[in-house]
Amino acid sequence: MVITCANAAFGYEGNTAVDGLNFEVKSGDYLCIVGENGSGKSTLIKGLLRLKKPQSGSVRAGDGLSPAEIGYLPQQTAAQKDFPASAFEVVLSGRMGARGILPFYSRRDRAAADENLRLLGIESLRNRCYRELSGGQQQRVLLARALVATKKLLLLDEPTAGLDPNATADFYELVAKLNRGGLTVIIVSHDVASAVKYASHILHLRKTQLFFGTTADYLTSDTGKLFVGGERDA
């Protein structure tokens with residue numbers, strides 16, 4: 001088991017943002033967290049990263065997983081999109097958590113950055129300035145940055161926000177390929193069509209847990225029929 005959430009609730013300054021969380025993520029799973037804005041998705045992500053303690057219940061990591069071994073791709077801000085560094089430097093910064101107190105990147109760190117640039121097919125962007133890249137290219141660079149931190153779990157928070165349809169489809173295909181290669185994936189998304197196409201499991205939130213289970217079961221559940229049906233009709 002990679003992560004187990006039992007009767008957990010998370011919030012801010014005494015106010016609960018999401019509660020009733022009972023789910024588990026096994027090695028090799030692809031979990032998509034869906035829900036409307038304000039449903040508690042990003043708050044839960046902070047809890048899984050151990051940046052926020054549960055107000056009640058528990059979140060446990062298995063398989064020897066530590067926070068430093070989670071590859072995290074957060075939502076991008078406008079300032080981050082304008083970051084004046086090379087693609088290689090951005091990817092290399094993903095090794096910071098594994099360096100501990102060491103002040104400099106090692107040869108191994110640099111090799112890992114180059115390896116993941118090649119893995120995602122963006123080695124040609126190595127020396128390009130990050131802020132000059134397209135949105136799709138920037139997301140690939142950030143995914144490579146997340147990958148240098150982990151061989152166990154990728155945690156992606158709205159990674160396709162602001163991307164055009166082609167870049168979005170390309171990104172989801174890439175993440176699915178990584179998952180098929182054995183990497184566990186947890187992704188927050190508003191893209192229900194992609195969620196049910198690629199994810200093995202769905203967690204649907206609306207300030208509480210409305211559904212957790214396999215994608216097949218989600219599609220036949222009352223919650224799934226209402227949410228997916230509404231998206232298809234829109």
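Atoms considered below: every heavy atom in the structure, side chains included; atoms not considered: hydrogens, waters and symmetry mates.
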Close side-chain approach of [X] to [Y], heavy-atom, < 4.5 Å:
{"X": "Leu31", "Y": "Val185", "value": "no"}
{"X": "Leu21", "Y": "Thr208", "value": "no"}
{"X": "Ser86", "Y": "Tyr130", "value": "no"}
{"X": "Glu158", "Y": "Lys41", "value": "yes"}
{"X": "Ile3", "Y": "Ile186", "value": "yes"}
{"X": "Tyr218", "Y": "Phe227", "value": "yes"}

Check: [Y] main-chain N/O paired with [X] side-chain donor or acceptor under 3.5 Å:
{"X": "Thr150", "Y": "Leu147", "answer": "no"}
{"X": "Thr16", "Y": "Val18", "answer": "no"}
{"X": "Asp29", "Y": "Lys26", "answer": "yes"}

Practice problem: Please name all residues satisfying side chain to side chain donor-acceptor pair (under 3.5 Å) with Tyr72, sequence neighbours left out, ordered by chain then number. | Solution: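 Tyr72 satisfies side chain to side chain donor-acceptor pair (under 3.5 Å) with no residue once adjacent residues are dropped.
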Where do Glu69 and Lys152 land on the salt bridge (Lys or Arg N to Asp or Glu O under 4.0 Å) test, with the steps shown first? CA-CA 7 Å; Glu69 293 177 298; Lys152 295 181 179 181; 3.5 Å; yes
- [ ] Quick one: do Arg140 and Asp170 satisfy salt bridge (Lys or Arg N to Asp or Glu O under 4.0 Å)? Show the steps, please.
- [x] CA-CA 10 Å; Arg140 280 193 173 232; Asp170 180 61; 2.9 Å; yes
- Just say parallel, tilted or perpendicular for the rings of Tyr172 and Tyr198, cut-offs at 30° and 60°.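 Aromatic pair Tyr172/Tyr198 classed parallel.
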* Should Asp19 and Lys207 be marked as a salt bridge (Lys or Arg N to Asp or Glu O under 4.0 Å) after you check the CA-CA gap, both sets of side-chain angles, and the distance that decides it? -> CA-CA 6 Å; Asp19 61 13; Lys207 295 187 178 297; over 6 Å; no
Val188-Leu48 co-clustered via ILVMFWY side chain contacts under 4.5 Å |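 Yes.
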**OP:** Compute whether any side-chain donor of one residue and acceptor of the other, for Tyr30 and Thr215, lie under 3.5 angstrom apart.
**Re:**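 Short answer, no.
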